[in-house]
Engineer: 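Here it is, the structure, as C-alpha cells.
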Amino acid sequence: MANLLISGVCNLRCPYCFAGHHLAEYRRRADSPFIALDIFEDRLDFLDRSGINEIRLIGGEPTLHPQFPEIIRRAAQRGKHIVVFSHGLMPERAAASLEALPVGRCTVLVNTNAARSPDGPSPKEHARRLAVLRRLGARAFPGFNIYAPDCSLDFLLPLVLETGCRKTVRLGLAAPTAGGDNVYLHPKQYPFVGAKIVRFARQAARSGIRVEFDCGFVRCMFSEADLDTLREAGADVGWRCSPVLDIDVTGQAVHCFPLANLAALPLDHAGTAGALRDELAARMQPYRAAGIYKTCSTCRCKQNGECTGGCLAATMRRFRHEPIRIVVPQAETRAPADASDVIMA
Amino acid sequence: MLTLAVPEFIHWVRETGGILVVDESRRTAHRLAGLEAIIWDELARPYPELVSRLAALLEIPPIEAEIRLNAVLESWRRAGLLVEVRGG
C-alpha cells in the first residue's frame, strides 16, 4: 500500500485536517501544487516495481488536479485498481471520469464531514456530496472523521440508503499532527466515542451496512460486550498503526501525514515501497514501545501484538525532551569519559 | 566538576511502572524502573537536592545515596542517555 499525493491543494478547511501542516510545507518546496503527468508515470513505475496493483490517490483534494481524468485514464491503462480519497465536492470532469470506471475497478472514499466552515458541512455541501455518492453508486462509500466526542453519526445511515452507494461506512479517529495544530480526538475521549460507535454499528447492521475502522483505534476503548456487539454487527475492526507511506509530488515518502515531520525519506532512497516502509518503521520502532496511554506498555494486548497501542502520532505527543543538565561535584566516582560521547557546550 | 546533559535525541515518557527513554540516534528504547525511574524523574533538580531527596526516599544516609546516584548517572553516560558537556 502507498498513497500518492497528486494535489497539494484543497478548497475546504476541516479543523481536524492532518494533511494541512505537511501540505503547507510542501507547497513552499514544490514548483506546482499538482503532480506533473511525467512524474505521475514515474509513480506508476514505482508501484509496478513494488508489486502494488492498487493506486491510492490523495491530496489535498485529488479531484482538483486539472488533469484528473487523464491521471485516472493512465492508472486504469496500467490495470490498477483506483482508490480516491476525496471530500466528495468534486468537479464535474472528475466525477465523470470516475463514473466511467467499472464498479470493481474503483473505490472512492468520500469524507462526509469535510467542510469550508469549522461548524461542519453546509446543507449545500451535503446535497452536493449526496449527488456524487448517488452518481458513483457502488464505487463510493462514506467516511467520517471523529474529532469531537459530541459528533453525530446519525446522518450516515440515511445517506447510504438514499444514495445507493456501497453499504459501508469507514470511521476514523482524528489524529494529531506532529508540529501542527489541528483539532484531534484526545485519547481520553476514546471510550466515550467507542460506546457511540457500538450503538452506530448495531443500527448500521440492521440496515445491512458494515462499519469499518481506519487506523489508530485501540482495543481498550471497547468493553468485551461492545466487542461482541461489533463482531455480531460484522464490523471490520482493527487496532493498527503502521507506515501508510504517503508520497508527495516532490518525491518525499512519509510514514503518514501526521508523522510527516518526524519520518520522511526521498523516494529514490530505496527501490520499492516495501523497503521504504521498512526503513520508516525502523526509525519509529523505539517509540512503539509506548502507546497512547501510559498503561499501554504493560498491556497484554500490546505485548501480544493484538493492539499497537493506538496512533503513533498521538503516542508521540506524550514524549518530551528537556535539555536537562546536572552538575556532579565528585567527578572521581566516574570512569574516564570516552571522546566519542562528549559534546561541546 | 562534571556536567552531564540529556542530549537532544533523547525523549522520554512516563509509563505505568516507570519511564521509557528513547534514544533516536541509536534507535533504542530503555525502560527505567525503581531507583532509575526516580532519579530520571528528579534529574532537573540540583545535584545536592537530588542526593537529599534520594536519601529521604530510600531512607539511607546521604553518602550512600550519592554513591547510588553516581552509579546510575555513570551507567546512563555509558548507555548514551547522558553526555558530558565540556565548559558547561
Side-chain angles (χ1 to χ4, degrees), chain A residues 178 187 220 255 259 261-263 278-303 309-310 312-345, chain B residues 1-33 39-51 63 66-88:
Chain A
C220 59
H255 182 286
L259 289 172
N261 279 2
L262 303 173
D278 288 349
E279 171 58 19
L280 290 169
R283 281 193 190 184
M284 303 312 291
Q285 189 56 37
Y287 291 102
R288 296 249 179 223
I292 59 170
Y293 302 120
K294 65 180 183 179
T295 50
C296 282
S297 59
T298 51
C299 172
R300 181 181 50 82
C301 294
K302 187 164 188 334
Q303 285 168 349
L312 187 56
T315 299
M316 295 296 291
R317 287 188 81 88
R318 298 184 54 233
F319 276 88
R320 49 197 273 234
H321 168 81
E322 286 171 33
I324 295 172
R325 287 182 177 210
I326 183 162
V327 179
V328 184
Q330 294 176 322
E332 63 272 17
T333 58
R334 67 185 177 89
D338 301 318
S340 59
D341 62 5
V342 174
I343 61 169
M344 301 307 290
Chain B
M1 291 285 199
L2 168 70
T3 303
L4 297 171
V6 177
E8 61 182 6
F9 47 81
I10 295 291
H11 303 263
W12 68 92
V13 64
R14 283 194 183 89
E15 298 283 88
T16 302
I19 292 172
L20 181 74
V21 182
V22 165
D23 180 344
E24 263 189 7
S25 67
R26 300 183 199 201
R27 297 185 182 179
T28 53
H30 305 256
R31 290 184 193 281
L32 308 182
I39 295 174
W40 191 275
D41 224 15
E42 305 279 346
L43 209 52
R45 295 181 185 278
Y47 182 88
E49 200 180 320
L50 189 47
V51 171
I63 186 70
E66 189 167 10
I67 289 167
R68 289 205 198 180
L69 171 61
N70 286 342
V72 169
L73 294 177
E74 175 56 18
S75 73
W76 287 346
R77 195 191 62 77
R78 286 179 184 279
L81 306 186
L82 294 175
V83 291
E84 186 178 336
V85 180
R86 283 194 186 142

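Heavy atoms only: backbone and side chains are in, while hydrogens, waters and symmetry mates are out. All chains are named by letter (A, B, ...) in the order of the sequence lines, taking the proteins before the strands, and each is independently numbered beginning at 1.
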Engineer: Using non-hydrogen atoms only, which part of B:Leu73 is less than 4.5 Å away from chain A: side chain, backbone, both, or neither?
Structural biologist: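 For B:Leu73, side-chain heavy atoms alone lie under 4.5 Å from chain A.
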Engineer: Only counting residues at least two apart or in another chain, list the ones meeting ring-ring contact (aromatic ring centres under 6.0 Å, His included) with B:Trp40.
Structural biologist: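 B:Trp40: ring-ring contact (aromatic ring centres under 6.0 Å, His included) contacts with B:Trp12, B:Trp76.
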Engineer: Can you say whether B:Leu50 sits under 4.5 Å from chain A via the side chain, the backbone, both, or neither, judging by heavy atoms?
Structural biologist: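 The side chain, not the backbone.
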Engineer: Show the nearest heavy-atom pair for residues A:Ala313 and A:Leu259, with the distance to one decimal.
Structural biologist: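 It is CA-CD2, 3.7 Å.
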Engineer: For chain A, find its close neighbours in residues 16-23 of chain B: heavy-atom separation under 4.5 Å, sorted by number, or none.
Structural biologist: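 Within residues 16-23 of chain B, the residues that come under 4.5 Å of chain A (heavy atoms only) are B:Thr16, B:Leu20, B:Val22.
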Engineer: Return the set of residues passing side-chain hydrogen bond (donor to acceptor under 3.5 Å, both in side chains) with A:Arg320 (not counting sequence neighbours), or none when no residue passes.
Structural biologist: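 side-chain hydrogen bond (donor to acceptor under 3.5 Å, both in side chains) check on A:Arg320 returns A:Glu322.
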Engineer: Checking A:Thr295 against chain B: side chain, backbone, both or neither under 4.5 Å from a heavy atom?
Structural biologist: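 Contact with chain B is through both the backbone and side chain of A:Thr295.
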Engineer: Are any side-chain N or O atoms of A:His321 and backbone N or O atoms of B:His11, one a donor and one an acceptor, separated by less than 3.5 Å?
Structural biologist: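 No, A:His321 side chain to B:His11 backbone: no donor-acceptor pair under 3.5 Å.
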Engineer: Who pairs with B:His30 by ring-ring contact (aromatic ring centres under 6.0 Å, His included), at least two apart in sequence or on another chain?
Structural biologist: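 Result, ring-ring contact (aromatic ring centres under 6.0 Å, His included) vs B:His30: none returned.
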Engineer: Looking only at heavy atoms, what is the nearest atom pair of B:Ala5 and A:Arg325, with distance?
Structural biologist: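 Smallest interatomic distance, heavy atoms only, reads CB-CG, 3.8 Å.
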Engineer: Search all heavy atoms of A:Ala263 against all heavy atoms of A:Met284 and return the closest pair with its distance.
Structural biologist: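 Minimum heavy-atom contact is CB-SD, 3.7 Å.
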